[in-house]
Amino acid sequence: MNSSLLAGLNPQQLEAITLSEQSVLVLAGAGSGKTRVLTTRIAYLIQTGKVSPYSILAVTFTNKAAKEILVRINAMLPINTRGMWIGTFHGLCNRLLRTHYQEAGLPQAFQIIDIADQLAMIRRILKALSVDDKRFPPRQVQWFINNAKEAGRRAANVVADDPYTRHLLEFYSAYERQCDREGVVDFAELLLRSYEMLSRNEALREHYRERFDHILVDEFQDTNRLQYDWLKLLAGAGADRHPTAVFVVGDDDQSIYAFRGADTGNMKSFEHDFGVTKVIKLEQNYRSHGNILAAANAVIARNTDRLGKHLWTADDQGELLRVYRGLNDFDEASFIVDEIRALQSEGIPLAQMALLYRSNAQSRVLEHSLFNAALPYRVYGGTRFFERMEIKHALAYLRLIAHPDDDNALLRIINFPARGIGARSLEQLQDAARQQSSSLWEAAIQKCGGDSHAAAGSNAKGLTGFVGLIQSMRQDWESLPLPRIVEHVLVQSGLISHYKNERDGADRLENLHELVNAATIFVHEADDDSLVAFLTHASLEAGEHQAGSGQDALQLMTVHAAKGLEFHTVFLSGLEEGLFPHDNSLNDVNGLEEERRLMYVAMTRARRRLYLTLAQSRMLHGQTRYNIPSRFLDEVPEKFLKWLSPIVGIKTNDNFVVADSDNDFRYSRAVQRNSSSQFSGNTAQWRIGQVIRHAKFGEGVIVAYEGAGNDARVQIKFNDVGIKWLMLEYAKLTPA
DNA sequence: CTTACGTGAGTTTTT
DNA sequence: CTCACGTAAG
């Protein structure tokens, strides 16, 4: 047994990792080493030799998390992780369905559609049924369908009491039929389909139950009903109990996806459904300083619906939380800019600072100020690589090659780039397809075949050309390796020349070339380098939000997007009633508690410094709004706050402090200052009085320091730029 | 088929 | 306000 595997773990972590074969709930607070525990347990199970890597199933929500687990296991054990069942719910379900496509009633090359494709399809169906889309907005229909699926219900299993629901159900069944006909599945379908397959097929179910001795689940608080039932089925919990040990890690306080069907009730159900006798709490936080943690604890303590957990840290109290209330949103933004500049001059990298907001719309003003201040920043969220229009077009060609029944794909590209197939020829095509209940592609082929005597209009010519194009592409597919096919399709389809001629097509062209790169990388990395596998990869992994230039940049994102991340400094902006908590959650207790969890998540992202900012007025929807401070601000005990602005309309009206950049740090310094003159950073020993050199500020002498290790700060009297406090971790000092 | 205009919505979103 | 989408006109 490699003892280094378990080195440096606290007793609770150790217990969770080495627990014998039983199901367990691990309540893991923010920054408590959750991922480390999960991965170390996997490594431990394998290394102690009791468990084969192939009888472990580990499931996450994001590809990123799954990758992280694989990387860490690879670092801990000399085993090949290929072939291990570690992935997202959707990825693993896809694997099941691909392996047993016949049992699942799917074509071998079934395609996965994303929400945009799904919406387009629903639009099409509603149109075909002549539905008034004012009464039944496509988005609402989509929401209804996905909700039903995520609760494990088919159209046939939903009870409709009212006419409205009956209509929705009709659309749901029509949608189901259409998906079946096209041989496509949406995200929820991956889960529902594999769930149904396993519950229907006893032999298959038993096979997988036997196979997996251990199931591990990350972010368990985010599971929805269907995912829970899926786990239960696979683990054989309930009546016919199977000795599968199910190890789930989660934090009910960080459940922020209830609006999407996540159900923390699953954590409670888990205990009794899986015969859990042991709940392990990981409550030691290794991330944040004490004040930040205490403030976050105070906020989350207001929630009534909790399993109960209290984070603590062995670290110092650290600084107070800094609060700034600006006159307006612009003022708030310039405050943030000033503070970022100051931190930057202290040597803290921009990438270690995050600017968080409740909703995306808030980023506009902030970005404006950052841009004017010439501060590099990166916004997370927005369109991801495989969701870009030009990429979806290219993928649609590829999909049609691999899977001709995909009407969605056909409709996307039949006239893009334009080849003279207008609305009326499309309508004819759709009519023909509907009549013989075939796919559009089949209808197109027939139309071309019997075309010689028909009116030789330009549209017929266009259609023939299109059919010929796809058919020739399909032939190339037989003989070319994946990246070449992609390249070929880009050229033959006319996409390349189309974007070459377009005014602002340069970025799109670049993205298309990037797609060839993606295919090349995929071929090198994947076990299965087929076109279908690549398309699946594109559907299940939307790709990075942005190509990430690698440049040091401030991180801008919503609080949701920040979950799981940590930063030296966090700016939490827009702390106003109506924004955070959001208007739409104000009247609902559950909604408010979710907003509060969101606040908790936001606060616990900060390692060392946390700013809470707000504005007295701001522009929203073209109107100036005067918001009162967020209730969450009131929920932080005053003793943890340091006001940096005069404040109005809040109970602690008189004890504000005006920012004073020189003396700003004095209060925290008093607590932590050390008396010895020798101290050490990460790599080197330093002493007071020593002459040093700094890359930017030049030569200077160390006059004081505080803290230790990573958190040590040094005060240096520079020859040229005066006295400065710098973070030792980032300052890159060299002895002069 | 492209362009212009009108309309309406405007939390969060791992797959 | 401002973006995205859908329809109508050119």
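Letters A, B, ... are given to chains in the order of the sequence lines, protein chains preceding strands, and every chain is numbered from 1.
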Starting from P on dT15(B), measure out to CD on Gln227(A) and report it in whole angstrom. 12 Å
Between dC5(C) and dT12(B), how far apart are the two P atoms, rounded to whole Å? 15 Å
Between Glu594(A) and Ala423(A), just flag the one whose closest nucleotide in DNA chain B comes earlier from the 5' side. Ala423(A)
Just say parallel, tilted or perpendicular for the rings of Phe136(A) and Phe171(A), cut-offs at 30° and 60°. perpendicular
Nearest-nucleotide 5' precedence on DNA chain B, Arg358(A) against Ser539(A): Arg358(A)
Tell me the interatomic distance from Glu150(A), atom CD, to dT15(B), atom C1', rounded to whole angstroms. 9 Å
Aromatic plane relationship, Tyr499(A) with Phe416(A) - under 30° parallel, 30 to 60° tilted, over 60° perpendicular: tilted
According to a cutoff of under 5.5 Å between the ring centres and under 30° between the ring planes, does Phe259(A) stack with the base of dT11(B)? no
Report yes if a side-chain nitrogen or oxygen of Asn63(A) is closer than 4.0 Å to either non-bridging phosphate oxygen (OP1 or OP2) of dT15(B); otherwise report no. yes
Give every donor-acceptor pair under 3.5 Å between a side-chain atom in residues 120-133 of chain A and any protein atom, sequence neighbours left out.
| residue | atom | partner | partner atom | Å |
| --- | --- | --- | --- | --- |
| Arg124(A) | NH2 | Asn408(A) | OD1 | 3.2 |
| Asp132(A) | OD1 | Lys134(A) | N | 2.9 |

Measure from CE on Met599(A) to C1' on dT11(B) and round the result to the nearest Å. 17 Å
Side-chain N,O (Thr558(A)) to OP1/OP2 (dT13(B)) below 4.0 Å: yes
Nearest-Å distance, NE2 (His498(A)) to P (dC1(B))? 12 Å
In whole angstroms, how far is the P atom of dT13(B) from the CG atom of Asn360(A)? 5 Å
Hits for side chain to side chain donor-acceptor pair (under 3.5 Å) against Asp588(A), two or more places apart or cross-chain, chain-then-number order -> none
Looking at Asn94(A), does any N or O in its side chain come under 4.0 Å of the phosphate oxygens OP1/OP2 on dT15(B)? no
Glu541(A) CD - dT15(B) C1' separation (whole Å): 10 Å
From the options dT15(B), dT13(B), dT11(B), select the nucleotide whose nearest atom is closest to the side chain of Leu540(A). dT15(B)
Contact class for Glu595(A) (heavy atom, under 4.0 Å): base, sugar-phosphate, or nothing? base
Please work out if Asp583(A) contacts a base, only the sugar-phosphate, or nothing of the nucleic acid, heavy-atom cut-off 4.0 Å. nothing
Of the nucleotides dT13(B), dT11(B), dT15(B), which has the atom closest to the Thr88(A) side chain? dT15(B)
d(Glu150(A) CD, Asp263(A) CG) to nearest 0.5 Å is 12.0 Å
Whole-Å distance between dT12(B) C1' and Gln362(A) CD? 11 Å
Could you tell me whether Ser585(A) contacts a base, only the sugar-phosphate backbone, or nothing, with contacts defined as non-hydrogen atoms closer than 4.0 Å? base
The glycosidic conformation of dT11(B), counting syn as within 90° of 0 and anti otherwise, is syn
Can you tell me which residue among Lys64(A), Arg36(A), Lys34(A) is in a salt bridge (charged side-chain N to carboxylate O under 4.0 Å, His left out) with Asp218(A)? Lys34(A)
Where the side chain of His100(A) meets the backbone of Arg95(A), is there a donor-acceptor pair that is under 3.5 Å apart? no
Verify the stacking flag for His560(A) against dT12(B): centroid separation must be under 5.5 angstrom and the ring planes must differ by under 30 degrees. no
So Phe89(A), base contact, sugar-phosphate only, or nothing? Heavy-atom distance under 4.0 Å. nothing
Report the distance from atom CG of Leu620(A) to atom C1' of dT11(B), rounded to the nearest whole Å. 11 Å
Determine, for Tyr626(A) and Arg618(A), whether the Lys NZ or Arg CZ falls below 6.0 Å from the six-membered ring centre while staying within 45 degrees of the axis. no
Counting primed atoms, P, OP1 and OP2 as sugar-phosphate and everything else as base, the B/S/- map of nucleotides 1-8 of chain C against protein heavy atoms under 4.0 Å is BSS--S--
